[in-house]
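Structure first, commentary second.
Values in this document were obtained by computation on a predicted structure and should not be read as measured data. Just so it is clear, the values below take in all heavy atoms, side chains as well, and ignore hydrogens, waters and symmetry mates. Every chain is numbered from 1, with letters handed out A, B, ... down the list of sequences.
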Amino acid sequence: MVTSMPQGTTSGRAVRGGQGKPLLSVRDFNVEYRTGSGATVHAVRGIDLDLYPGESLALVGESGCGKTTFGLGLLRLLPRLGHASGKVTFNRGDGTEIDILGLDGRDLRQFRWRDAAMVFQGAMNAFNPVLKIRGHMHDTMRAHTKATKQEIEERSAELLRLVRLEPERVMDCYPHELSGGMRQRVLIAMSLLLEPEVLILDEPTTALDILTQRSIVDVLHEVRERLGFSMIFISHDLALAAELADRVATMYAGRIVETGGVRDMFYQPRHPYTLGLIKAVPPIVGDLPDMESIPGGPPSLAALPPGCKFNPRCGFATAECQEADPPLIPVTDQQGSAHEVACIHSKDVHLDRRVQDDLGTAS
Amino acid sequence: MTATDTAPAAKAEGRTPLMTLNGVSQVFDTKAGPIRACDQVNLSINPGEVLCLVGESGSGKTTAARMAAGLAKPSDGTVAYNGIDIWSMNRRDFSTFRRGVQYVHQDPYASLNPTRTILQTITAPLLKHGVVKGSKAAAQRAAELLAKVDMTPPESFLSKYPHQLSGGQRQRISVARALTLDPKIIIADESTSMLDVSIRISVLAMLGRLRDELGVGFLFITHDLAIAKYFGWNGNTAVMYLGRIVEFGPTQQIINAPTHPYTRALIDAIPEPDPDLTKTKGAGSLRSLEIPSLAHLPVGCSFHPRCPRFEGGLCDGAVPELITVRPGQSTACHVVARDGAGDAEVRDEPVA
Ligand SMILES: Nc1ncnc2c1ncn2[C@@H]1O[C@H](COP(=O)(O)OP(=O)(O)OP(=O)(O)O)[C@@H](O)[C@H]1O
Ligand SMILES: Nc1ncnc2c1ncn2[C@@H]1O[C@H](COP(=O)(O)OP(=O)(O)OP(=O)(O)O)[C@@H](O)[C@H]1O
Ligand code: SF4
Ligand SMILES: [Mg+2]
Ligand SMILES: [Mg+2]
């Protein structure tokens with residue numbers, strides 16, 4: 001199961017676009033956390049998902065819906081009190097299939113960074129402050145490869161340039177000497193040092209200002225173009241998903257409630273929750289549209305409502321919605337439709353694009 | 001030639017704005033030498049109106065807001081309330097100003113005292129300033145205020161501590177506390193918001209109601225022009241860069257017909273919740289991603305090292321002044337001053 005250290009090329013990789021065999025295949029994936037009182041909360045519930053080579057998947061949803069938990073679970077990075085179950089299969093380019101939940105020791109370490117890497121939520125504020133960027137780069141490479149000092153220097157410089165940083169300047173800086181956006185780009189470069197096939201980015205632009213966000217988005221477009229990896233990025237910012245994703249999955253209370261191609265999801269969302277999230281993003285182009293927020297907040301995992309977990313906040317809900325949690329099923333009968341939704345009233349859900357009122361009020 | 005000259009309707013009608021910042025500057029001494037975090041800023045705010053202050057991190061928005069709230073004394077220039085310089089006011093006027101202008105720090109995690117219940121947080125200023133007499137009346141008033149910020153039923157929140165509330169709920173509590181003294185102006189400093197979009201919109205809708213129903217004026221600070229557009233559509237927007245206002249005008253014109261290259265960059269950078277539209281966004285039109293240090297400001301127009309319209313000899317000469325380029329809209333850019341801004345109705349170049 002050992003691959004040689006990948007060189008800086010994209011040869012041998014499937015092209016972008018999501019065809020063929022999935023790179024990562026997730027079935028009935030669950031995560032439970034044990035909490036202080038001995039109780040458990042079910043933070044991720046029954047997720048099925050395929051990630052294809054070269055594909056970019058956005059995982060969206062409000063705070064607390066389980067996005068980070070899902071990402072950590074996929075890479076076996078959950079805290080001690082978290083337990084993942086189900087099946088996660090990773091297909092290496094050479095045809096080997098790896099059962100991720102069964103990995104341990106050396107194989108697990110190998111899987112992380114080389115096959116899959118993650119940029120953690122808030123990590124740009126969690127660098128070791130006494131280590132220069134050079135030190136961070138060297139530590140990462142040395143922990144996972146036998147690369148020489150010279151090789152590490154070269155590879156680090158190559159990746160830093162890819163994220164539009166000057167290696168000569170940045171390598172000798174301490175983390176605090178860099179802006180938030182620069183630190184985030186360093187992290188992206190670090191996560192790509194070992195050329196993983198899958199990169200998970202957790203809220204890569206949250207808490208950065210608009211121009212810095214833009215630079216991160218541009219850098220992600222560029223490196224993906226060059227290196228052709230698959231990407232799962234987690235965000236509560238729908239506009240970011242519209243920009244970066246090929247496919248979108250909406251999570252609510254630990255489940256995927258809708259998934260589909262980026263155009264299906266943004267032009268014909270079929271779940272009231274996806275619709276609500278889209279309507280809550282103020283557009284910059286055009287006159288002022290009516291904005292709507294989703295009433296209330298996500299439910300506590302310890303006290304989920306009966307039936308569809310969204311029903312207490314949902315404008316489409318009827319008594320029937322309280323009876324059973326609807327399964328995720330294809331929107332059309334068409335063979336191979338990748339658009340799936342978990343809502344019994346999905347046929348009534350429509351997005352009117354940008355109805356503009358001439359001089360609307362903001363409230 | 002200043003933002004206040006070209007600004008609010010009140011001025012045109014000959015009324016004095018309730019609050020003005022006249023050429024205010026703030027200089028900080030730092031290790032790298034003195035820096036001008038705010039440089040000769042002119043602004044005015046009235047009850048029921050919204051003035052948005054927009055700019056990148058470090059552009060001086062909070063520094064300006066703190067001076068407006070009387071929390072910091074300007075190094076230069078004056079902050080006036082009811083036409084009187086707040087730093088030479090008598091005690092009574094100063095206390096009127098303090099009650100009339102409330103600063104709401106919108107970081108939901110830093111703004112509330114973790115050891116106080118919501119009831120204590122809200123009744124403290126009510127009792128201290130004698131707005132109501134007795135704890136019973138104060139509790140009653142606190143419940144009314146919670147209802148005003150959409151926290152209903154109030155009884156279920158009053159005995160809670162901040163850590164038992166979500167980020168959006170904490171923001172609402174900060175606003176309720178600001179409302180205790182019946183302010184004329186709220187200064188809302190959003191910083192880079194960590195809140196979910198849907199929660200942000202519901203908080204803004206609530207603030208919009210306070211503006212419309214109670215006639216509260218807002219100095220609204222954000223780095224996101226889409227949010228400024230949503231909240232301040234019928235007001236004015238000032239765009240700040242490295243301590244200076246570089247563009248000022250009615251929000252609708254700033255959004256739909258920006259003239260300063262920096263304003264355009266800010267608008268172009270915003271992703272749209274629309275996959276086809278957002279792919280047309282002009283990526284990387286800036287010449288540099290790095291924000292220069294305030295301690296070593298570029299000569300001439302301080303935006304010139306990053307500006308896509310930079311012209312050598314022109315932009316790196318004198319500091320451009322904020323001049324009127326269209327009715328109500330002023331810009332500090334040499335190229336716009338020379339070439340004109342065009343008609344506000346027709347954009348010469350689409351933003352998207
Ligand atoms: N270590 C833990 N122990 C117990 N519960 C946890 C733990 N970590 C997370 N949770 C709970 O699991 C749920 C999902 O949390 P998670 O961090 O995955 O959400 P998220 O979608 O990433 O949210 P955010 O947008 O705020 O990052 C939440 O209800 C959270 O309280
Ligand atoms: N007390 C201080 N001493 C020294 N420098 C300061 C002080 N307060 C602010 N600054 C500097 O002044 C500049 C403007 O800061 P300010 O906080 O006003 O920016 P901002 O526009 O509010 O940014 P953000 O969007 O990040 O909140 C920054 O360079 C900051 O480092
Ligand atoms: S199943 Fe019912 S409650 Fe759930 S999202 Fe659909 S309509 Fe709303
Ligand atoms: Mg998270
Ligand atoms: Mg600030």
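Your options are A:Q213, A:E203, A:E292, A:R263, and the one with the most heavy-atom pairs under 4.5 Å with chain B is A:R263. Ranked by non-hydrogen atom pairs under 4.5 Å with chain B, the options A:S63, A:A245, A:G64 are led by A:S63. Across B:G55, B:A226, B:G58, the residue that shares the most heavy-atom pairs under 4.5 angstrom with chain A is B:A226.
Residue-environment remark: CD (A:E222) exceeds the threshold of 12 foreign heavy atoms within 6.0 Å.
With a threshold of 4.5 angstrom between heavy atoms, B:E290 approaches chain A through side-chain atoms but not through N, CA, C or O. There is no contact between B:D150 and chain A, counting heavy-atom distances below 4.5 Å. Heavy atoms of A:M182 lying under 4.5 Å from chain B belong exclusively to its side chain.
Ring-plane geometry between A:H271 and A:Y273 is classed as perpendicular, the angle between the planes exceeding 60 degrees on a 0 to 90 degree scale with a lower cut at 30. Ring geometry, A:Y174 versus A:H176: the interplanar angle falls under 30°, so the pair is classed parallel (tilted spans 30 to 60°).
A cation-pi arrangement, defined by a distance under 6.0 Å to the six-membered ring centre and an angle within 45 degrees of its axis, is present between B:R211 and B:F231.
Taking the six-membered ring for Trp and the full ring otherwise, B:F310 and B:F303 have centroids separated by 6.0 Å or more.
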